[in-house]
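Read the structure below first, then the notes.
Reminder, nothing fancy here: chain letters follow the sequence lines and each chain counts from 1.
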Number of protein chains: 2
Amino acid sequence: MEEKEISQAVVGRLPRYLRYLGELRDEGIERVSSQELSDIMQVTASQIRQDLNTFGGFGQQGYGYNVGHLYDEIGKILGLNREHRLIIVGAGHLGQALVNYSNFERRGFLFCGLFDSDPKVCGKKIRSIAVRPMEEMAGFIRDHNIDIAVLTIPKNAAVETAEQLAACGIKGIWNFAHVDLRLPGHIQVENVHLSDSLMKLSYNLSSSEEAT
Amino acid sequence: MEEKEISQAVVGRLPRYLRYLGELRDEGIERVSSQELSDIMQVTASQIRQDLNTFGGFGQQGYGYNVGHLYDEIGKILGLNREHRLIIVGAGHLGQALVNYSNFERRGFLFCGLFDSDPKVCGKKIRSIAVRPMEEMAGFIRDHNIDIAVLTIPKNAAVETAEQLAACGIKGIWNFAHVDLRLPGHIQVENVHLSDSLMKLSYNLSSSEEAT
DNA sequence: ACGCTTATGTTAAATTTTTGTCAATTCCTG
DNA sequence: CAGGAATTGACAAAAATTTAACATAAGCGT
């Protein structure tokens with residue numbers, strides 16, 4: 001029963017709010033007003049209030065927002081109060097880099113398995129996680145209650161693998177491959193298209209140059 | 001002399017157009033209509049025409065768009081017709097992963113140098129590029145005409161390093177550190193906040209679950 | 001060469017997103 | 001404990017983005 005569709009624009013801003021609130025909290029600051037946050041974050045106070053009110057009234061008139069409480073609430077909204085169990089498919093440099101990123105684990109994203117089609121890297125251990133052959137993937141997902149798969153393999157392999165993952169009942173895919181995955185709607189896909197990002201930077205470089 | 005401000009929403013879609021046009025071209029397809037592209041890409045034909053017309057009339061009425069020509073034009077708009085010279089600051093797993101990604105070089109993004117503050121990794125070679133100490137960075141940028149720096153270092157170091165880079169006259173920063181960099185407006189910053197992306201996925205997982 | 005079909009470029013409408021405003025509520029001081 | 005200051009939540013206005021509609025231009029077949 002979807003209450004009212006919440007735009008991805010709003011969702012996309014939540015992690016940033018969380019980040020700044022975490023910093024304030026770590027500085028020992030207990031309360032903050034939308035105007036103060038606005039000054040720090042360089043977005044309008046109106047947008048902050050609007051965004052937060054999408055999910056409920058977390059503030060108090062005349063007082064502002066309680067930093068710790070707001071931090072927790074946004075965390076809950078983002079699903080950080082539960083644990084997520086992930087596997088990484090593709091034990092190349094990028095896959096390894098992600099496994100080694102300990103910040104994710106701190107947020108409840110647990111890397112449980114690593115898979116690769118290359119027999120030469122299978123058996124190798126990365127941060128205490130063994131690389132397994134692709135054949136074991138389906139079973140592993142079911143046995144270890146995996147909900148997210150991270151795709152760090154070349155694009156031609158990615159499409160087929162994504163379909164396998166879908167068939168295994170995976171809930172979400174964090175896709176670093178440079179293709180758009182076409183999967184059933186109940187499977188959430190979040191794309192990280194690095195080359196797209198680099199091209200945007202390139203555009204903005206050219207564009208700012210012209211505007212001399 | 002900025003003609004008219006082009007929205008980042010449009011710019012953000014260009015790389016995706018480029019990708020699909022490249023695929024069509026590789027299949028030997030010479031012409032395509034906005035409606036055909038619409039079917040393939042799952043966006044409205046209207047949006048495609050609107051987006052393309054932001055930059056000029058690349059199509060022909062009654063015919064459609066010439067795939068090769070449109071591909072080239074979008075490439076030019078994105079600045080892919082020129083070479084970009086990059087350095088990577090932070091030779092950790094992520095930095096190494098990016099150096100090894102050959103696709104970027106094919107697009108004209110040349111990795112020219114690698115820098116790290118850890119003396120233990122300095123001197124090491126990654127894909128024929130030696131890791132240099134941070135002290136050499138400023139000189140290197142000037143000597144090798146570097147325009148883009150890729151920041152793959154922890155966030156506390158990132159802020160200070162970004163300021164150094166700005167002082168060296170860098171044009172753009174591709175920022176993988178989990179902070180917002182505050183730099184003079186003429187320096188373009190493109191952020192890749194991986195944990196934000198993962199949190200979005202997490203939100204969408206929770207959200208789709210609720211909507212059972 | 002003519003007319004029908006196709007498909008763009010452009011303008012207008014609809015929708016979404018962002019910003020501004022203000023009454024209502026709570027805090028805080030004297 | 002009363003009154004002024006502060007700040008939210010809600011609503012309204014403005015801006016931006018997306019979609020629709022259509023006149024116009026070019027292709028294509030006969």
[X] [atom1] - [N] [atom2] separation (whole Å):
{"X": "Gln47(A)", "N": "dA12(D)", "atom1": "CD", "atom2": "P", "answer": "20 Å"}
{"X": "Ile48(A)", "N": "dA10(D)", "atom1": "CD1", "atom2": "C1'", "answer": "17 Å"}
{"X": "Leu37(B)", "N": "dT8(C)", "atom1": "CG", "atom2": "C1'", "answer": "13 Å"}
{"X": "Asn53(B)", "N": "dG9(C)", "atom1": "CG", "atom2": "P", "answer": "5 Å"}
{"X": "Leu52(A)", "N": "dA10(D)", "atom1": "CG", "atom2": "C1'", "answer": "14 Å"}
{"X": "Leu70(A)", "N": "dT8(D)", "atom1": "CG", "atom2": "P", "answer": "11 Å"}
{"X": "Gln8(B)", "N": "dT18(C)", "atom1": "CD", "atom2": "P", "answer": "14 Å"}
{"X": "Gln35(B)", "N": "dA20(D)", "atom1": "CD", "atom2": "P", "answer": "11 Å"}

Would you please confirm or rule out a distance under 4.0 Å between OP1 or OP2 of [N] and any side-chain N or O of [X]?
{"X": "Thr44(A)", "N": "dT19(C)", "answer": "yes"}
{"X": "Arg31(B)", "N": "dA26(D)", "answer": "no"}
{"X": "Gln60(A)", "N": "dT26(C)", "answer": "no"}

Examine distances only and state if a side-chain atom of Asp116(A) and a backbone atom of Ala91(A) form a donor-acceptor pair shorter than 3.5 Å.
-> yes
Does the Arg25(B) side chain pair with the main chain of Tyr71(B), one donor and one acceptor, at a distance under 3.5 Å?
-> no
Gap separating the CG atom of Leu70(B) from the CG atom of Leu21(B), nearest 0.5 angstrom =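 So the gap between those two atoms works out to 4.5 Å.
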Considering only side-chain heavy atoms of Arg49(B), which listed nucleotide, dT7(D), dG27(D), dT8(C), is closest?
->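 Nearest to the side-chain atoms of Arg49(B), counting from C-beta on, is dT8(C).
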Side chain of Tyr65(B) only, please: which of dT19(D), dT8(C), dG27(D) is the nearest?
->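 That would be dT8(C).
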Using the benzene-type ring in the case of Trp, are the ring centres of Trp174(B) and Phe104(B) under 6.0 Å apart?
->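 Ring centroids of Trp174(B) and Phe104(B) are less than 6.0 Å from each other.
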With a non-hydrogen cut-off below 4.0 angstrom, is Gln50(B) in contact with a base, only sugar-phosphate, or nothing?
-> base
May I ask you to verify whether the side chain of Gln61(B) and the base of dT8(C) hold a donor-acceptor pair under 3.5 Å?
->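 Yes, a donor-acceptor pair under 3.5 Å.
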Tell whether Ser46(B) reaches the base of dA20(D) with its side chain through a donor-acceptor pair below 3.5 angstrom.
-> yes
Could you check whether the rings of His144(A) and Phe140(A) sit parallel, tilted or perpendicular, using 30° and 60° as the cut-offs?
-> parallel
